[in-house]
Amino acid sequence: QVQLVESGGGLVQAGGSLRLSCAASGRTFSTRAMAWFRQAPGKEHEFLARISWRGDSTYYADPVKGRFTISRDNSKNTVYLQMNSLKPEDTAVYYCASDPSYSGSPNVRTYDYWGQGTQVTVSS
C-alpha cells in the first residue's frame with residue numbers, strides 16, 4: 001500500500017516557478033517508479049514526467065521538456081517537480097502517481113496509486 005500527498009501548488013504569475021512535492025508512505029516507495037500528471041478542467045489526465053525508482057532515468061512530455069524537472073529523494077520518500085517558466089496553459093490540478101515497474105510509462109493506466117492533487121494556477 002502506498003499513500004501519496006502532494007503539496008506546493010498555488011497561484012503564480014506567468015514566467016514564475018513552483019516546486020511541487022509528493023510525500024509517500026509505505027515501504028515500497030524506493031522500488032517504484034513515480035510520475036507527475038495534470039488535469040485541466042474538462043480534459044483527460046496529461047502525463048508530464050516520470051522517474052525510475054533509482055532516479056537514474058527520467059522522461060518528459062514535450063509540453064514541459066526543458067521547463068520542468070522531476071527528481072526524487074528515496075531517503076525522504078519524496079518526489080519533486082520543479083516547474084520553471086510557467087505559462088497560463090500550465091494551469092491544472094497536478095497529481096503524483098506510483099507505478100510498480102522500474103521506470104514507469106506515460107500511460108495513466110499503469111499507475112496504481114495516486115495522490116489527491118494540488119492546484120496550480122498561472123496568471124497572465
Side-chain angles (χ1 to χ4, degrees):
Q1 185 82 3
V2 177
Q3 292 184 321
L4 304 174
V5 179
E6 301 96 337
S7 61
L11 174 64
V12 63
Q13 288 188 331
S17 298
L18 281 175
R19 188 194 196 200
L20 305 183
S21 298
C22 172
S25 63
R27 295 176 298 172
T28 61
F29 171 80
S30 61
T31 59
R32 298 173 67 89
M34 297 295 296
W36 286 94
F37 291 79
R38 66 187 178 192
Q39 186 174 29
K43 295 190 176 180
E44 300 287 327
H45 279 86
E46 177 187 15
F47 168 80
L48 301 176
R50 60 111 174 117
I51 187 167
S52 61
W53 60 261
R54 283 202 185 102
D56 56 352
S57 173
T58 58
Y59 179 81
Y60 297 90
D62 286 343
V64 304
K65 198 174 295 183
R67 298 190 299 126
F68 291 10
T69 302
I70 189 171
S71 62
R72 66 190 296 163
D73 185 339
N74 287 343
S75 68
K76 296 181 179 179
N77 275 16
T78 302
V79 63
Y80 304 97
L81 186 67
Q82 177 67 43
M83 306 187 295
N84 299 327
S85 303
L86 284 162
K87 306 173 183 179
E89 52 264 44
D90 292 320
T91 295
V93 178
Y94 283 67
Y95 298 89
C96 65
S98 177
D99 178 324
S101 73
Y102 175 74
S103 60
S105 84
N107 187 341
V108 66
R109 288 187 290 272
T110 69
Y111 293 85
D112 53 358
Y113 293 104
W114 291 78
Q116 84 290 347
T118 185
Q119 176 70 46
V120 172
T121 303
V122 184
S123 63
S124 57

Distance in Å, [X] [atom1] paired with [Y] [atom2], rounded so as to fall on 0.5 Å steps:
| X | Y | atom1 | atom2 | answer |
| --- | --- | --- | --- | --- |
| Gln119 | Thr91 | CD | OG1 | 7.0 Å |
| Gln3 | Ser98 | CD | OG | 12.0 Å |
| Asn77 | Cys22 | CG | SG | 10.0 Å |

Practice task
Verify the distance criterion only: is there a donor paired with an acceptor across the side chains of Ser103 and Ser57 at less than 3.5 Å?
Solution key: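 There is no such pair between these side chains.
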
Which pair of non-hydrogen atoms, one from [X] and one from [Y], has the smallest distance, and what is that distance?
| X | Y | answer |
| --- | --- | --- |
| Gly8 | Leu18 | O-CD2, 3.8 Å |
| Ser17 | Asn84 | OG-OD1, 2.9 Å |
| Thr110 | Ser105 | OG1-OG, 3.2 Å |

Any side-chain heavy-atom pair of [X] and [Y] under 4.5 Å:
| X | Y | answer |
| --- | --- | --- |
| Val79 | Arg32 | no |
| Ile70 | Tyr60 | yes |
| Glu46 | Pro63 | yes |
| Val122 | Met83 | no |

So, does [X] use its side chain to make a donor-acceptor pair with the main chain of [Y] at under 3.5 Å?
| X | Y | value |
| --- | --- | --- |
| Thr118 | Tyr94 | no |
| Asn74 | Trp53 | yes |
| Arg72 | Ser52 | yes |
| Gln13 | Ser123 | no |
| Arg50 | Pro106 | no |
| Ser101 | Gly104 | yes |
| Tyr111 | Ala33 | no |
| Glu6 | Gln116 | yes |
| Arg67 | Ser85 | yes |

Practice task
Carefully, step by step, assess Ile51 and Tyr80 under the rule side chain to side chain contact (heavy atoms under 4.5 Å, CB included).
Solution key: CA-CA 10 Å; Ile51 187 167; Tyr80 304 97; over 6 Å; no

Exercise for the section: Go through Glu44 and Val108 one step at a time and tell me if the side chain to side chain contact (heavy atoms under 4.5 Å, CB included) criterion holds. Expected result: CA-CA 10 Å; Glu44 300 287 327; Val108 66; over 6 Å; no

Exercise for the section: Measure up the Tyr95 and His45 rings against each other and bin them: parallel (under 30°), tilted (30 to 60°), perpendicular (over 60°). Expected result: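 Tilted.
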
Problem - Parallel, tilted or perpendicular: ring planes of Phe47 versus Phe37, cut at 30 and 60 degrees - result: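 It falls in the perpendicular class, over 60°.
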
Exercise for the section: Apply side chain to side chain contact (heavy atoms under 4.5 Å, CB included) to Leu81 and Val64, showing your working. Expected result: CA-CA 11 Å; Leu81 186 67; Val64 304; over 6 Å; no

Exercise for the section: Would you please test Trp36 and Phe68 for side chain to side chain contact (heavy atoms under 4.5 Å, CB included) and show each step? Expected result: CA-CA 10 Å; Trp36 286 94; Phe68 291 10; over 6 Å; no

Exercise for the section: For the pair Asp90 and Lys87, find out whether any cationic side-chain nitrogen is under 4.0 Å from an anionic carboxylate oxygen. Expected result: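 Between Lys87 and Asp90 there is no salt bridge, as every charged N stays at least 4.0 Å from the carboxylate O atoms.
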
